[in-house]
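I have placed the structure first, in the form of structure tokens, so that the comments after it can refer back to it.
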2 protein chains.
Amino acid sequence: MEAKSPLAELLCFDLYAASRSVTSVYRVLLDPLGLTYPQYLVMLVLWRRDESTVRALVEELQLDYNTLSPLLKRLEARGLVERRRRPDDERSVAVVLTAEGREMREQAAHVPQAIGEAIGVDETEIAELQGVLRKITVSAAARAAELSGRKAAI
Amino acid sequence: MEAKSPLAELLCFDLYAASRSVTSVYRVLLDPLGLTYPQYLVMLVLWRRDESTVRALVEELQLDYNTLSPLLKRLEARGLVERRRRPDDERSVAVVLTAEGREMREQAAHVPQAIGEAIGVDETEIAELQGVLRKITVSAAARAAELSGRKAAI
DNA sequence: AAGGATTACCTCGCACACGATCTAATCGTG
DNA sequence: CACGATTAGATCGTGTGCGAGGTAATCCTT
């Protein structure tokens with residue numbers, strides 16, 4: 001019964017270590033562009049869609065406003081994006097690529113393949129791993145919400 | 001050929017999201033103890049060994065001195081550990097549990113099982129996942145060192 | 001024995017993550 | 001229409017995570 005638990009904790013550490021290890025590769029690859037990994041994730045979204053909102057980015061990247069707001073401010077300071085209040089809903093802030101932000105796409109074009117080679121797993125493993133990882137993400141997020149949700153249940 | 005790369009990048013994001021999601025469960029569980037997840041990892045090591053050094057913790061947790069030094073300082077400020085220079089090698093700092101630190105073990109005894117339930121994967125999946133995660137960690141760390149190692153190669 | 005490497009550790013600075021708290025705009029209901 | 005609730009976003013404080021740089025102790029080679 002309780003033999004299961006230490007295994008799970010070890011898995012969580014492996015997850016933590018793997019995530020940092022992968023980020024360290026991104027750091028090396030993105031440093032010449034002056035981007036961090038979370039910043040790169042925002043750029044990836046915008047390179048596909050050209051415009052988004054803070055709220056959409058929050059949901060897509062599963063990050064909070066308090067992480068993304070300063071991050072977007074830094075991207076704006078670097079001249080890669082612009083932020084504008086939406087006329088139709090003044091609460092909403094649109095995030096738009098600048099010309100410079102759009103051009104950076106080519107400079108980052110080599111990153112995906114470099115990452116693919118760095119992690120060194122074949123496509124079959126990737127697909128399997130993705131399935132389990134997403135299950136864990138959903139399950140853990142639900143449990144965290146449930147456990148901390150007592151105050152919200154008032 | 002290049003169809004592989006976007007898949008790998010997606011996997012990295014899933015890794016990043018899963019790691020944060022799992023940490024959020026730990027946060028809820030550890031908050032009553034006043035511990036963060038990395039602090040808990042240090043305590044786990046000490047609960048097994050009762051004494052360690054900063055260097056040993058650096059290697060075991062795959063973190064750097066610049067992360068662990070302040071963390072250990074905070075654990076010491078909370079009265080959970082003590083740090084002492086080793087008499088036989090004054091460069092080395094021994095990290096030892098205090099009585100309070102030792103007692104906390106019982107208060108954290110429920111955590112492993114709670115985590116096991118939260119991530120919601122069975123033992124078979126855990127074992128497989130661990131294998132792939134460790135492979136990724138090693139492979140990515142090696143590549144990051146290789147790519148950034150040009151200055152070290154001087 | 002001397003002096004340059006190496007080791008173990010620390011501090012600083014910056015960029016996340018995230019809980020807590022705030023503001024302003026919009027929505028929904030009476 | 002009014003007003004409380006909700007929504008979108010920002011700010012602050014704390015704790016990592018890590019590059020860069022510093023110091024003291026030990027080792028190693030001559």
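Basis for what follows: all heavy atoms, side chains included, without hydrogens, waters or symmetry-related copies. Sequence lines set the chain letters: A, B, ... in the order given, protein chains first and strands last, and positions in each chain run from 1.
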Would you mind classifying the nucleic acid contact of [X] as base, sugar-phosphate or nothing, using non-hydrogen atoms under 4.0 angstrom?
X	answer
R83(B)	sugar-phosphate
L71(B)	sugar-phosphate
S92(A)	sugar-phosphate
R84(B)	nothing

What is the distance, rounded to the nearest whole Å, between atom [atom1] of [X] and atom [atom2] of [N]?
X	N	atom1	atom2	answer
L68(A)	dC18(C)	CG	C1'	12 Å
Y40(A)	dC16(C)	OH	C1'	18 Å
L30(A)	dC16(C)	CG	P	11 Å
D88(B)	dA8(C)	CG	P	12 Å
R74(A)	dT11(D)	CZ	P	12 Å
L61(A)	dA17(C)	CG	P	10 Å
Y26(B)	dT16(D)	OH	C1'	17 Å
Y16(A)	dA17(C)	OH	C1'	12 Å

Within less than 4.0 Å of OP1 or OP2 of [N], is there a side-chain N or O belonging to [X]?
X	N	value
T36(A)	dC16(C)	yes
K73(B)	dT11(C)	yes
R85(A)	dG9(D)	no
R55(A)	dA8(D)	yes
T67(A)	dA17(C)	no
R20(A)	dC18(D)	yes
R27(A)	dC14(C)	no

* Find out whether L46(B) and E51(B) are in side-chain contact, i.e. whether some heavy atom of one side chain is under 4.5 Å from a heavy atom of the other. => no
* Under a 4.5 Å cut-off applied to non-hydrogen side-chain atoms, are L57(A) and T53(A) in contact? ->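 In short, these two side chains do not touch, never coming nearer than 4.5 Å.
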* Residue whose nearest DNA chain C nucleotide is more 5′ - P87(A) or Q39(A) ->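 The answer here is Q39(A).
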* Asked: Between E76(B) and R83(B), is there a side-chain N and carboxylate O pair less than 4.0 Å apart?
  ->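 Judged by the 4.0 Å cut-off on N to carboxylate O distance, E76(B) and R83(B) do form a salt bridge.
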* Side-chain (D122(B)) to main-chain (E125(B)) donor-acceptor, under 3.5 angstrom ->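 Checking the backbone N and O of E125(B) against the side chain of D122(B), a donor-acceptor pair under 3.5 Å is found.
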* Asked: Any donor-acceptor pair under 3.5 Å joining the side chain of D64(B) to the base of dG19(D)?
  ->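 Side chain to base: no pair below 3.5 Å.
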* Do N66(A) and dG19(C) share a donor-acceptor pair, side chain to base, under 3.5 Å? -> yes
* Report the residue (Y65(A) or R78(B)) whose heavy-atom-nearest nucleotide on DNA chain D is the more 5′ of the two. =>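 Checking each residue's closest nucleotide, the 5'-ward one belongs to Y65(A).
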* To do: Could you walk me through whether E59(A) and R55(A) pass the salt bridge (charged side-chain N to carboxylate O under 4.0 Å, His left out) test, one step at a time?
  => CA-CA 6 Å; E59(A) 289 179 351; R55(A) 170 175 158 69; 2.9 Å; yes
* To do: Report the relative orientation of the aromatic rings in Y26(A) and Y40(A); use parallel for angles under 30°, tilted for 30 to 60°, perpendicular for over 60°.
  => tilted
* Structure fact -> Among dT16(D), dC10(C), dT26(D), the one nearest any side-chain atom of E90(B) is dT26(D)
* From the options dG17(D), dA25(D), dT26(C), select the nucleotide whose nearest atom is closest to the side chain of R91(B). =>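 The nucleotide sitting nearest to the side chain is dA25(D).
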